[in-house]
Amino acid sequence: GENVEQHPSTLSVQEGDSAVIKCTYSDSASNYFPWYKQELGKRPQLIIDIRSNVGEKKDQRIAVTLNKTAKHFSLHITETQPEDSAVYFCAASINYKLSFGAGTTVTVRA
Amino acid sequence: DSGVTQTPKHLITATGQRVTLRCSPRSGDLSVYWYQQSLDQGLQFLIQYYNGEERAKGNILERFSAQQFPDLHSELNLSSLELGDSALYFCASSVEDRNYGYTFGSGTRLTVV
C-alpha cells in the first residue's frame, strides 16, 4: 500500500514566522493530497487539499505545493498565529483511500 | 458539526470488559473508516466498510470487530479490554468514488481502568 512520510515530527516557530511541513509518498498512482489540522482533543479537520493535476494551491495564509516527479508535497503556513498551534497530518490517496503521515506538532510561540 | 456522529463521547470501563462504539456517517457517504489514536500518536487505521461490506483492514486486533448496518451506521466492538486500549477512536466517512477526503467524527475517548 501507500507509504507516507512526514517531517518534521515537531516544529516550533515564532509568531509571525512561516512554518513548512513536508511529506513524501511512495506510489506514483496517488492522485489526491489533503491536509488535516487536529487541535488538542478534537477531530482532524480538512484544511486544504490538492489534486495531482495541480502544482500549487493557496487559501489565505496556507498553501500546498506538489512535486509529482519527486513524489513530495508540502504545507506552508505564513504569518503564523497562536491558533495555528495544532497537529497537522498529510495524506495521500489511491483509489479514494487515504494513507496518513505520522503528524507534525506545530507550536507557535508568542 | 461535521455530519459524522459518534457516540458515546466518553467511555470509562474496566479491563476485561467489552464496549461498543457507534458511528453514523455523513448523509450520502457510503464508506466508514475507524481509526485509533493513542496519546501523542498518529492515526492508526483499523478497518473500512463500504455499503455494508468490509473493504479494507489495517492494524486491527483480533479482540476488535466492526460491522456496518443497512442504514450505513457502523459499530466498533472492543472486547477483553486492556489498559493499552485506552485511546481516542475516530470514525470517518467518505464518498467512495470521489476524492473529497474524509470527514471525521468528534471521536469517542475510551479509558480502560
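Below, chains carry the letters A, B, ... as their sequence lines are ordered, and counting in each starts from 1.
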Chain A contact via S31(B) - which portion, at a heavy-atom distance below 4.5 Å: neither
Contact class of Q48(B) relative to chain A, heavy atoms under 4.5 angstrom: side chain
Tell me whether [X] at atom [atom1] has more than 12 heavy atoms from other residues, nucleotides or ligands lying less than 6.0 Å away.
X	atom1	result
E53(B)	CD	no
Q81(A)	CD	yes
N95(A)	CG	no

Treating Ile, Leu, Val, Met, Phe, Trp and Tyr as nodes and any side-chain heavy-atom pair under 4.5 angstrom as an edge, say whether [X] and [Y] lie in one connected cluster.
X	Y	value
V87(A)	L75(A)	no
Y50(B)	Y102(B)	no
I12(B)	V112(B)	no
L76(B)	F104(B)	no
L110(B)	L43(B)	no

Neighbours of chain A found in residues 54-74 of chain B - heavy atoms under 4.5 Å: R55(B), A56(B)
Mind checking which of residues 26-50 of chain A sit less than 4.5 Å from chain B, heavy atom to heavy atom? N31(A), Y32(A), Y36(A), Q38(A), G41(A), K42(A), R43(A), P44(A), L46(A)
CD on Q37(B) to CZ on F100(A), rounded to 0.5 Å: 10.5 Å
